[in-house]
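Presented below is the structure to which this report refers.
Numbering starts at 1 and runs along the sequence shown.
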Amino acid sequence: MKLNFELQDALFIGFCATLLVILKSMLRLKLGLSGHSMFLMTFFYLLCYGTVGRVGCITACGLLAGMVAMMLSVGKGGPLILLKFGMPAIAMDIALLAIAGVFKLRWQCVLLALAGCLAWASKGWIENMLAGMSQQIALTKFAINFLQGGLFAIGAALLVPSVLKRLQSHDLLQDRHQNPE
């Protein structure tokens, strides 16, 4: 599949991916809550979608963020860090294919955030099962991670339409992009 992004779209995708990784590495918050990393991921992925407005831009941003994180040695997991950034992005793009044009932007953002959070929590569930954790404990941990990550993801998703509206009010978005409502 060939993604035809214009130069300004590709630059913005790279900007979002790089800023995500830099902020994530600078703000190494030890909150004791699982899922707080979903806030930044969701915010930048949805901002990227709202600005570029094409299916595939979230996946491009996520995979690029994973590659930047690998190169800068941000986080733990080595090459598996690509999955940490890529799985939620791919899930968001797949969900976007199903709901594109059906809901207003605010509801699209919330549904995409939950799809990304589901993929993020699933990655943890798979890791726990591979580590030999019992299925009941792994499912309980998955549910807790999904709930906590979902709260952060929804919080970020609710911010995106207002940021896009602000960008549009300053004429920083072109007419071909998603109209924030």
Side-chain angles (χ1 to χ4, degrees), residues 1 3 13-50 55-100 107-160:
M1 180 171 115
L3 301 175
I13 290 169
F15 169 75
C16 285
T18 305
L19 193 58
L20 167 62
V21 173
I22 289 171
L23 285 175
K24 200 167 170 50
S25 67
M26 284 175 48
L27 300 173
R28 289 191 175 264
L29 302 174
K30 299 291 182 190
L31 298 178
L33 293 173
S34 180
H36 67 276
S37 64
M38 281 304 296
F39 184 84
L40 284 175
M41 265 196 276
T42 300
F43 179 78
F44 282 109
Y45 292 166
L46 293 177
L47 184 66
C48 185
Y49 165 65
V55 175
C57 67
I58 299 173
T59 300
C61 185
L63 294 176
L64 186 60
M67 286 187 267
V68 169
M70 278 191 324
M71 288 188 306
L72 296 177
S73 300
V74 174
K76 46 190 174 193
L80 293 178
I81 196 90
L82 191 60
L83 288 177
K84 181 179 182 178
F85 285 96
M87 281 182 60
I90 292 169
M92 286 177 165
D93 263 338
I94 290 171
L96 183 60
L97 290 172
I99 66 169
W107 288 108
Q108 276 186 358
C109 286
V110 170
L111 292 174
L112 292 176
L114 290 174
C117 186
L118 183 65
W120 172 80
S122 296
K123 182 189 87 55
W125 177 72
I126 292 168
E127 287 173 347
N128 290 336
M129 292 300 291
L130 289 174
M133 191 178 282
S134 74
Q135 190 171 4
Q136 288 177 330
I137 295 173
L139 282 175
T140 303
K141 201 161 169 46
F142 165 80
I144 292 170
N145 286 342
F146 179 72
L147 286 173
Q148 290 176 336
L151 290 175
F152 284 106
I154 289 172
L158 293 175
L159 288 176
V160 170

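If you take CG on Leu40 and CZ on Phe152, they are separated by 10.5 Å, rounding to the nearest 0.5 Å. Separating the SG atom in Cys16 from the CG atom in Leu47 is a distance of 5.0 Å, to the nearest 0.5 Å. Taken from CH2 in Trp107 to CG in Leu158, the straight-line distance is 8.0 Å, to the nearest 0.5 Å. The distance from the CG atom of Leu151 to the NE2 atom of His36 is 14.0 Å, given to the nearest 0.5 Å. In this structure, OG1 in Thr140 is found 12.5 Å from CH2 in Trp125, a value given to the nearest 0.5 Å. Interatomic distance, CG of Leu83 versus OG of Ser122, reported as 12.0 Å (0.5 Å rounding).
Across Pro88 and Gly116, no two heavy atoms sit closer than the pair CB-O, 3.5 Å. Nearest approach of Asn128 to Lys141, heavy atoms of both residues: ND2-CD, 3.5 Å. Residues Trp120 and Met41 share a closest heavy-atom pair of CD1-CE, 4.2 Å. Of all the heavy atoms in Cys57 and Ile13, the pair that sits closest is CB-CD1, 3.9 Å. Closest approach of Ile81 and Gly66 over heavy atoms only: CG2-O, 3.8 Å. Residues Met67 and Leu82 share a closest heavy-atom pair of N-CD1, 3.7 Å.
Gln148 is not listed as a side-chain neighbour of Met38, based on a closest heavy-atom distance of 4.5 Å or more. When side chains are defined from C-beta on, Phe39 counts as touching Leu159, because their heavy atoms get closer than 4.5 Å. Leu118 places a side-chain heavy atom less than 4.5 Å from the side chain of Phe142. In this structure the side chain of Cys61 never reaches within 4.5 angstrom of the side chain of Phe85, judged on heavy atoms. Side-chain contact between Met92 and Thr42 is present, with at least one heavy-atom pair separated by less than 4.5 Å. Ile90 places a side-chain heavy atom less than 4.5 Å from the side chain of Ile94.
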inquiry  = With side chain to side chain contact (heavy atoms under 4.5 Å, CB included) as the criterion, how do Val160 and Tyr49 come out once you've worked through the C-alpha distance, each side chain's angles and the decisive distance to 0.1 Å?
reply    = CA-CA 10 Å; Val160 170; Tyr49 165 65; over 6 Å; no
query = Which is it for Phe44 and Leu23 under the side chain to side chain contact (heavy atoms under 4.5 Å, CB included) test, yes or no, and what are the steps along the way?
reply = CA-CA 11 Å; Phe44 282 109; Leu23 285 175; 3.7 Å; yes
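A distance-only check finds no donor-acceptor pair linking the side chain of Thr18 to the backbone of Phe15 [under 3.5 Å]. Looking at Asp93, its side chain does come within 3.5 Å of a backbone N or O of Thr59 through a donor-acceptor pair. Looking only at distances, no side-chain donor or acceptor of Asn145 sits under 3.5 Å from a matching main-chain atom of Ala121.
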